[in-house]
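Each chain gets a letter, A, B and so on, in the order the sequences are listed, and its residues count up from 1.
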Number of protein chains: 2
Amino acid sequence: MYGDGVDTREQLIESARELLWERGYVGTSPKAIQQRAGAGQGSMYHHFRGKPDLALAAIRRSADEMRARAEAEFAGTGTALDRITAYLGRERAALRGCPVGRLTQDPDVMADPELRAPVEETFTRVTEQLAALVAEGSANGELDPRLDPVATATALVAVLQGGYVLARAAGSADVYARAVDGALGLLAPHVRKEG
Amino acid sequence: MYGDGVDTREQLIESARELLWERGYVGTSPKAIQQRAGAGQGSMYHHFRGKPDLALAAIRRSADEMRARAEAEFAGTGTALDRITAYLGRERAALRGCPVGRLTQDPDVMADPELRAPVEETFTRVTEQLAALVAEGSANGELDPRLDPVATATALVAVLQGGYVLARAAGSADVYARAVDGALGLLAPHVRKEG
DNA sequence: GTCTATAGAGCGATAGAC
DNA sequence: GTCTATCGCTCTATAGAC
């Protein structure tokens, strides 16, 4: 009685997320979202005030998802370095890019404070929490104590975001993996890689 | 006799470069380019076959410019580490993002092999040359010899590209500077920063 | 070489029937 | 809640005068 099983509103948000990821805000039309969702014009404008309103719901969900996943890894088991390594080394769809970082290149998203807020907050928090882990690793002797935790964490998050860029430029996910390897090599040169 | 002083074709390319940088390919219309260039519809379609053709000229120029600048810095004076540091630390318009890396997020650019080629080649060559500098620094004792040159160079280029992303997300160029600082700290922990 | 006029398609949104 | 019809606008491109 609550919802029809397959909720139309839900389908619209998920379709918007996919298209925002693939084509960005400017490249995504309401019509394209409706078609992917299997919904009509009327449905979309019943559930949402317009394109920005639907995009906001989609962006918030993607941002929340990204943050939650990072936080789970940061709070996992193992030493600080273990958890940093797990976060950096997690498998990602390199050629698709980051669904949140991508929005940073969308002029209309950045121009709208409401659309932009989830993006800003996500990266701020992930960086902060990673910095705390770097500080922990420095304190317990796993990492070089001369490292600045915040600057180091910022660089590490940047490697991931830049890794997506380079992978897409090269048309190869290998480049993303190489960037991560390079970052891990810089962070923990004393840890030998297998192979 | 060759050209009218202010060349219309030239104005169109430069206007396209600016708009591609600010709004991307999908977000840039031929009309907008014409208006910024102070040229009419007819002029643009006289000098170029259409939007993709003009974009190709603009993308090639931006890519060449980026490569030339990096190569000049790589070939500069000082030790390998000096030149790496100069390249990483060069002042960049962090909030504007990278005019070449940006194109990586444009589905229509990535889908067209001709438009995409200059982007791919630029990052490939910059990374290769930076890797050679890392190898040189490892060999002469400036850098940890355990570093993998290619992976390290990839990570460093990724820090720059990701730094743009994080700076735009935060709305602050400081974040870009922080990412670069973090990368330099990882690369050369023995070098103390002033401050 | 540049202009204006025009075209067909898609954009984002609204109206009103059901 | 969802549908179809319609709106005014912009998109990218072509035609043809000057």
Between the protein and nucleotides 4-7 of chain C, list the N/O to N/O atom pairs that are separated by less than 3.5 angstrom.
none

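Salt-bridge formation is not detected for the pair B/R83/B/E73: no Lys NZ or Arg NE/NH1/NH2 atom is positioned less than 4.0 Å from an Asp or Glu carboxylate oxygen.
Although no hydrogens or angles enter the test, the distance criterion places no donor-acceptor pair under 3.5 Å between the side chain of B/D181 and the main chain of B/R178.
The interatomic distance linking A/K51 (NZ) with C/dT14 (C1') rounds to 18 Å, in whole Å. Between the CD1 atom of A/I33 and the C1' atom of C/dG12 there is a distance of 11 Å, rounded to whole Å. If you measure from atom CZ of A/F48 to atom C1' of C/dA13, you get 16 Å, rounded to the nearest angstrom. With rounding to whole Å, A/Y45 atom OH is found 16 Å from D/dT4 atom P. Between B/R23 atom CZ and D/dC11 atom C1' the separation is 13 Å, expressed in whole Å. Note: CE (B/M44) to P (D/dT12) measures 9 Å, nearest angstrom. Regarding A/Q35, its CD atom lies at a distance of 13 Å from the C1' atom of C/dC11, rounded to whole Å. Counting to the nearest Å, the C1' atom of C/dC11 and the NZ atom of B/K31 are 14 Å from each other.
Under the side chain to side chain donor-acceptor pair (under 3.5 Å) test applied with B/S62, the options B/R17, B/R67, B/R102 reduce to a single match, B/R17.
Between B/H46 and C/dT2 there is no side-chain N or O to OP1 or OP2 distance below 4.0 Å. Look at A/T8 and you won't find any side-chain N or O under 4.0 angstrom from OP1 or OP2 of D/dG1. A sub-4.0 Å separation between OP1 or OP2 of C/dG1 and a side-chain N or O of B/S43 is absent. Between A/S29 and C/dC11 there is a side-chain polar atom (N or O) within less than 4.0 angstrom of OP1 or OP2.
A/L19 and B/Y25 are not part of a single hydrophobic cluster, where members link through side-chain heavy atoms under 4.5 Å apart. In the hydrophobic clustering of this structure, A/L115 does not group with A/L12; members are Ile, Leu, Val, Met, Phe, Trp, Tyr whose side-chain heavy atoms approach within less than 4.5 Å, directly or through other members.
Stacking of B/K51 on the aromatic ring of B/Y45 is not recorded, the 6.0 Å distance cut-off and the 45° axial limit not both being met.
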Donor-acceptor pairs under 3.5 angstrom involving side-chain atoms of residues 152-166 of chain A: please list them, not counting sequence neighbours.
from	atom 1	to	atom 2	distance (Å)
A/T152	OG1	A/D148	O	2.6
A/T154	OG1	A/V150	O	2.7

